[in-house]
2 protein chains.
Amino acid sequence: MELHEAKDKFIQAWGAFGSQWGINRSMAQVHALLLISPEALSTEDVMEQLNISRGNANMNLRALIDWNLVDRILKTGERREFFQAEKDVWKIATHITRERKKRELEPMVRLLGELKQTSGTTHETKAFKQMAHDLHDLTSRIDAVLERSTRSDVQWFLKAASTLLR
Amino acid sequence: MELHEAKDKFIQAWGAFGSQWGINRSMAQVHALLLISPEALSTEDVMEQLNISRGNANMNLRALIDWNLVDRILKTGERREFFQAEKDVWKIATHITRERKKRELEPMVRLLGELKQTSGTTHETKAFKQMAHDLHDLTSRIDAVLERSTRSDVQWFLKAASTLLR
DNA sequence: TTGAACTTCCAAATAATATTGAAAGATTTC
DNA sequence: GAAATCTTTCAATATTATTTGGAAGTTCAA
């Protein structure tokens, strides 16, 4: 496969993949583009290569910086800002995991913790409390596992273990 | 908190949570409703309780059955079908994981496997191939971990280990 | 075979989300 | 300090996803 075609496929696929996971298509595409660019790109570069507007490019670049997936680069003698993606896939996975854990999982755990204390003793209430309890238990465990496995001081271990278990 | 309020909060939250994860709001809400219903519900029940149309209720019930999260129940002497959610949260998590793995992760692994063989030796091509390779490696590993941890014959072990590690 | 009771399908309507582009805001240079 | 260059904002617009509701399909009992 030729580079041009492969690049395009990758960007499209990453965009589609992202939108299945609640990340908007453009944000995922900008990320894909930066992931495979050996050099940092300017806003203009991103606009051109993906055919998107300035506003869109800007908004998504900022969002990626917010997620710690992209760094702003200042080149000496250049007025413009450049953008470069984190290239270490373990770090990428860690950052995405931690961000989503914080934004989505933690609030859910908190809510379930409250809900499992609902008052009442009817058949219906009991079923509800049981489910809230079980889900709270499950989500807390998942939260704990993710917390441990994304702590930077255990990354080296996971990487190693994963290789050994191959 | 009263049951009515708690139920409502749960359904809304599960719906919002779902839509952040690429599952449409109604499907997640129907699932939430069934999760906390001690008895199996009919299509009419779902329509009424969630204020959604027949078509919508039907479509999402079918989708949930497809995902193995809901079972069709036939009551003797009743013409209608009833629907009941799987209540074991470990099974729920397993079914969701396997389904998404199959639908989303596996195709991505396959694509990356192809892309990492792109031809060329330029600076740009090398960066591309490197990233495709690394991502392929990462996603395959994740796939392997999920495959093992959702095999029904190791569920008992995970459940036990998770309790010990609490 | 008919009709009642359901389920499913699908085109049109609606709602939610993402994108554009022009204008305003910053920052740097001369 | 004002022109040039770049970034950010946001209301309008476009796109995409979801939902509706009526029509067609299915199943079953009599």
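Chain naming here is simple, since letters A, B, ... match the order of the sequence lines and numbering starts at 1 in each.
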Between D:dT20 atom P and B:L50 atom CG, what is the distance in whole Å?
-> 10 Å
Here the distance between atom P of D:dC6 and atom CZ of A:F82, to the nearest Å, is 9 Å
Separation of atom CG in A:L61 from atom P in C:dT19, rounded to whole Å | 13 Å
The reported gap from CD1 in A:I65 to CG in A:D71 (rounded to nearest 0.5 angstrom) is 8.0 Å
In whole angstroms, the gap separating C1' of D:dC6 from CD of A:E78 amounts to 11 Å
Across the strands shown, which category fits A:E81 at heavy-atom distances under 4.0 angstrom: base, sugar-phosphate, nothing?
-> sugar-phosphate
Could you check how far CG of B:D45 sits from P of C:dT7, rounded to whole Å?
-> 11 Å
Selection from C:dA18, C:dT20, C:dT7 that lies nearest to any side-chain heavy atom of A:S53 | C:dT20
When we call it a touch if two heavy atoms are under 4.0 Å apart, what does A:S42 touch: a base, just sugar-phosphate, or nothing?
-> nothing
Output yes when at least one side-chain N/O atom of B:R25 is less than 4.0 Å from OP1 or OP2 of C:dA15, else no.
-> no
Tell me: CD1 of A:I52 to P of D:dT8, nearest whole Å?
-> 14 Å
From CG of B:N51 across to C1' of D:dT20 the rounded distance in Å is 13 Å
Within the structure, does a side-chain N or O atom of A:N58 lie under 4.0 Å from either OP1 or OP2 of D:dT8?
-> yes
Which whole-number value in Å describes the distance from B:N56 CG to C:dA12 P?
-> 19 Å
Under 3.5 Å, is there a donor-acceptor pair linking the side chains of B:T125 and B:T122?
-> yes
In terms of side-chain heavy atoms, does B:D45 have a donor or acceptor partner in B:S42 at a distance below 3.5 Å?
-> yes
If only side-chain N and O atoms of A:T43 are considered, is one of them under 4.0 Å from the OP1 or OP2 phosphate oxygen of D:dT7?
-> yes
For D:dT9, does OP1 or OP2 lie under 4.0 Å from any side-chain N or O of A:R62?
-> yes
Contacts of A:G22 and A:R79 projected onto DNA chain C by closest heavy atom; the upstream (5') one is A:G22
Exercise: do A:W21 and B:E104 side chains pair donor with acceptor under 3.5 Å = yes
Supply the atom-to-atom distance A:L33 CG to A:D8 CG, rounded to the nearest 0.5 angstrom.
-> 10.5 Å
With respect to the side chain of A:R72, which nucleotide from D:dT8, D:dG21, C:dT7 is positioned closest?
-> D:dT8
